[in-house]
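Below is one structure, written out as structure tokens; the observations come after it.
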Amino acid sequence: MHNLKEIRKDFENFKKALKKRSVDIDLNNLEKLDKQNRECILKRETLEKEKKDISKLKDKSLFDRSKKISQSIEEIIGKQKKIKDDLEKILFNLPNIPHKDVPIGKDENDNVEIERFGQIPNFDFKAKSHYELGEKLGMLDFDLATKTTGSRFVFVKDKLALLERAISNFMLDTHVSKNGYQEISPPLLASENSMFGTGQLPKFENDQFEVKLDDGSNRKFLIPTAEVILTNIVKDQILNEKDLPLRFVASTPCFRKEAGSYGKDTKGMIRQHQFYKVELVSIVDQSKCLDELERMTNCATDILDLLNLPYRKMILCSGDMGFSSEKTYDIEVWLPSENKFREISSCSSCSTFQSVRMKTRYKNQKKEIIYAGTLNGSGLAVGRTLIAILENYQQIDGSITIPKVLRPYMNNLEKISLK
RNA sequence: GGAGAGAUGGCUGAGCGGUUGAAAGCACCGGUCUUGAAAACCGGCAAAGGGGCAACUCUUUCCUGGGUUCGAAUCCCAGUCUCUCCGCCA
């Protein structure tokens, strides 16, 4: 969310910057409502002052006047409430402004490749897809998931379940011991307010799974990513500068409706309603956001290097970035069956966009209270890492070699083959 | 599911109709003292929002939303959340 105080200073520039994000919102109205809102505040405060003075004097002859003032105040409050609602409706739905490094563009086609890493495997046979491989092994079962649950879910069984667990543990261990993240095992439900804090609400309610609890209690949602719950750890807090940066990692299931992606990636486990993801979150000094983004992205690619999977690093264009992001790197892993790179991690700096929503601040050395910077990134998506390993490590007979770094997590198993 | 208790500043915790934005303690910051540190002593220390070039000033905020009153942290109603005990269950 944008800080109105800052926007006000240079409204024209703000409008220009926001244009980069192909959004179509009447910003002139925002300016107008802000002005009206402040006029209301001014009027109200003048009356409140008078009322307060009367109350202090305890002079009975003035009590009537005080009563009248109360009425006027009420009127103004009513008027202001409407103005404020309209104002917030606009403000809450404005995405973050792209950083100046971000290439201008409309959609994913305008994303820019930065660099490629690793060796693309050269099979002397036709590479199979992960779902062919998994189903043949009898360890990925989509039909069973359809039976028990519905579409876009999967059963992972036997050695692949072990592999999935190994991937998750390996990533967690690496981020904790090597990269300095604190491990968290968080709740998988988030309150409406937390969902607002990271920007999933109000605009993207359709993508979220809401959970019905007892009537009357506040709304709760299954987390679409651990980012929501990890970032909101610092909600409503004034931190000490010396405590920064804070770095959290969690491996959690994520739940997404995938509304609007009908017919997209329907086969296999690329796009599921539920998937495991290891998530990294950093809370930093606002001036250090971009440095931290590089660091975080390196933490993510580090995993791919260790797994020896080929990938490329992309910078997303202004039109393809997430709502809260000022700058995003996508890491795409090579999938032989599709003969292309697919997203396996997304690392974003959200500047102060989320902390304004969450009211996360810290005191700097000048004792000023300023908004913190927040970042999040996948390190990595576990399901998609499983896919990438299946496809890149497949053998001609349909067996899968286990990457060396994962073997200690799998009783030194070297290969998964048909039972 | 049944029975209670509570929600106040970064934290602990007083206040229970009228300069209370809020005692006290801790933490924190500055100073004196000290070779340095600690201790002791002195002083400072909430946030949000509005106005002003600025010094500064005003308003709001004691869980949330209503109500009573000239005036509410304090009284009334509704809700949310937290804690304790019993029962049940992983």
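Computed over heavy atoms, backbone and side chain alike; hydrogens, waters and symmetry mates excluded. All chains are named by letter (A, B, ...) in the order of the sequence lines, taking the proteins before the strands, and each is independently numbered beginning at 1.
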Establish, with yes or no, whether the OP1 or OP2 oxygen of rA48(B) is under 4.0 angstrom from a side-chain nitrogen or oxygen of Lys359(A). no
Which residue lies toward the 5' end of RNA chain B, Lys49(A) or Asp64(A), if each is placed at its nearest nucleotide? Lys49(A)
When all nucleic acid strands are considered with a 4.0 Å heavy-atom cut-off, which category describes Ile54(A): base, sugar-phosphate, or nothing? nothing
For Arg219(A) and rU64(B), what is the distance between atoms CZ and P respectively, to the nearest whole Å? 22 Å
When you check the gap from the basic side-chain N to the acidic O, do Lys89(A) and Asp85(A) get nearer than 4.0 Å? no
Side chain of Ser66(A) - closest among rC70(B), rC81(B), rG50(B): rC70(B)
Please determine, for the side chain of Glu48(A), which listed nucleotide (rU59(B), rG51(B), rG71(B)) has the closest atom? rU59(B)
Stacked cation flag Arg165(A) on Tyr409(A), 6.0 angstrom / 45 deg: no
Consider the side chain of Lys51(A), meaning its heavy atoms from C-beta on, and name the nucleotide among rG71(B), rA48(B), rC81(B) that approaches it most closely. rG71(B)
Whole angstroms only, please: what is the CG-P distance between Leu91(A) and rG49(B)? 12 Å
Under 4.0 Å, counting only non-hydrogen atoms across every strand here, what does Lys52(A) touch: a base, just sugar-phosphate, or nothing? sugar-phosphate
Could you check whether the side chain of Glu45(A) and the base of rG51(B) have a donor-acceptor pair of N or O atoms closer than 3.5 Å, going by distance alone? no
Rounded to the nearest Å, what distance is computed from the CD atom of residue Gln237(A) to the P atom of nucleotide rG9(B)? 14 Å
Rounded P spacing from rU19(B) to rU59(B) in Å: 15 Å
For atom P, what is the distance between rC76(B) and rG18(B), given to the nearest Å? 16 Å
How far, in whole Å, is rC70(B) from rU80(B) if one measures between their P atoms? 32 Å
Roughly, in whole Å, what's the span from CD in Gln80(A) to P in rG49(B)? 14 Å
Touch class at under 4.0 angstrom, heavy-atom based, for Arg361(A) against every strand present: sugar-phosphate
Rounded to whole angstrom, note down the C1' distance from rU8(B) over to rG13(B). 9 Å
Looking at Arg219(A) and Glu205(A), is any side-chain nitrogen of the basic one under 4.0 Å from a carboxylate oxygen of the acidic one? yes
Measure CG/Leu239(A) against C1'/rC28(B) and give the value in whole Å, please. 15 Å
Separation of rA47(B) P from Tyr371(A) OH (nearest whole Å): 12 Å
Got a salt bridge between Glu48(A) and Lys51(A), using NZ or NE/NH1/NH2 to carboxylate O under 4.0 Å? no
Regarding the side chain of Lys67(A), the nearest nucleotide among rG50(B), rA47(B), rC70(B) is rC70(B)
What is the nucleic acid contact for Ser55(A), judged by heavy atoms within less than 4.0 Å: base, sugar-phosphate only, or nothing? base
Using the C1' atom in both, what is the distance from rA7(B) to rU61(B), to the nearest Å? 15 Å
Against the side chain of Arg38(A), the closest entry in rG50(B), rA47(B), rG71(B) is rG50(B)
Are the side chain of Asn411(A) and the backbone of Leu413(A) linked by a donor-acceptor contact shorter than 3.5 Å? no
For nucleotides rG49(B) and rG44(B), find the distance between their P atoms and express it as a whole number of Å. 27 Å
What is the distance from CD of Glu6(A) to P of rA48(B), rounded to the nearest Å? 13 Å
Between Lys264(A) and Glu258(A) (salt bridge meaning N to carboxylate O under 4.0 Å), is one present in this structure? no
Write down the distance between CG (Asp236(A)) and C1' (rU64(B)), rounded to a whole number of angstrom. 13 Å
Arg44(A) vs rG51(B): side-chain N/O to OP1/OP2 distance below 4.0 Å: no
Under the ring pair (Phe, Tyr, Trp, His ring centres under 6.0 Å) test, which residues partner His273(A), sequence neighbours left out? Phe153(A), Phe209(A)
Starting from Watson-Crick (N1-N3 plus N6-O4 or O6-N4) and G-U wobble pairs under 3.5 Å, report the runs of at least three that RNA chain B belongs to. B:1-7 with B:80-86, B:10-12 with B:24-26, B:28-32 with B:40-44, B:46-51 with B:56-61, B:63-67 with B:75-79
Between rC81(B), rG49(B), rA47(B), which nucleotide gets closest to the side-chain atoms of Ile238(A)? rA47(B)
Could you tell me whether Lys267(A) and Glu338(A) make a salt bridge, using a distance below 4.0 angstrom between a side-chain N and a carboxylate O? no
Could Lys203(A) and Phe323(A) be counted as a cation-pi pair, given that NZ or CZ must be under 6.0 Å from the ring centre and within 45° of the axis? no
What's the gap between rA72(B) and rG17(B) when it is taken at their C1' atoms, as a whole Å value? 6 Å
When the C1' atoms of rG65(B) and rC26(B) are compared, how many Å lie between them, rounded to an integer? 34 Å
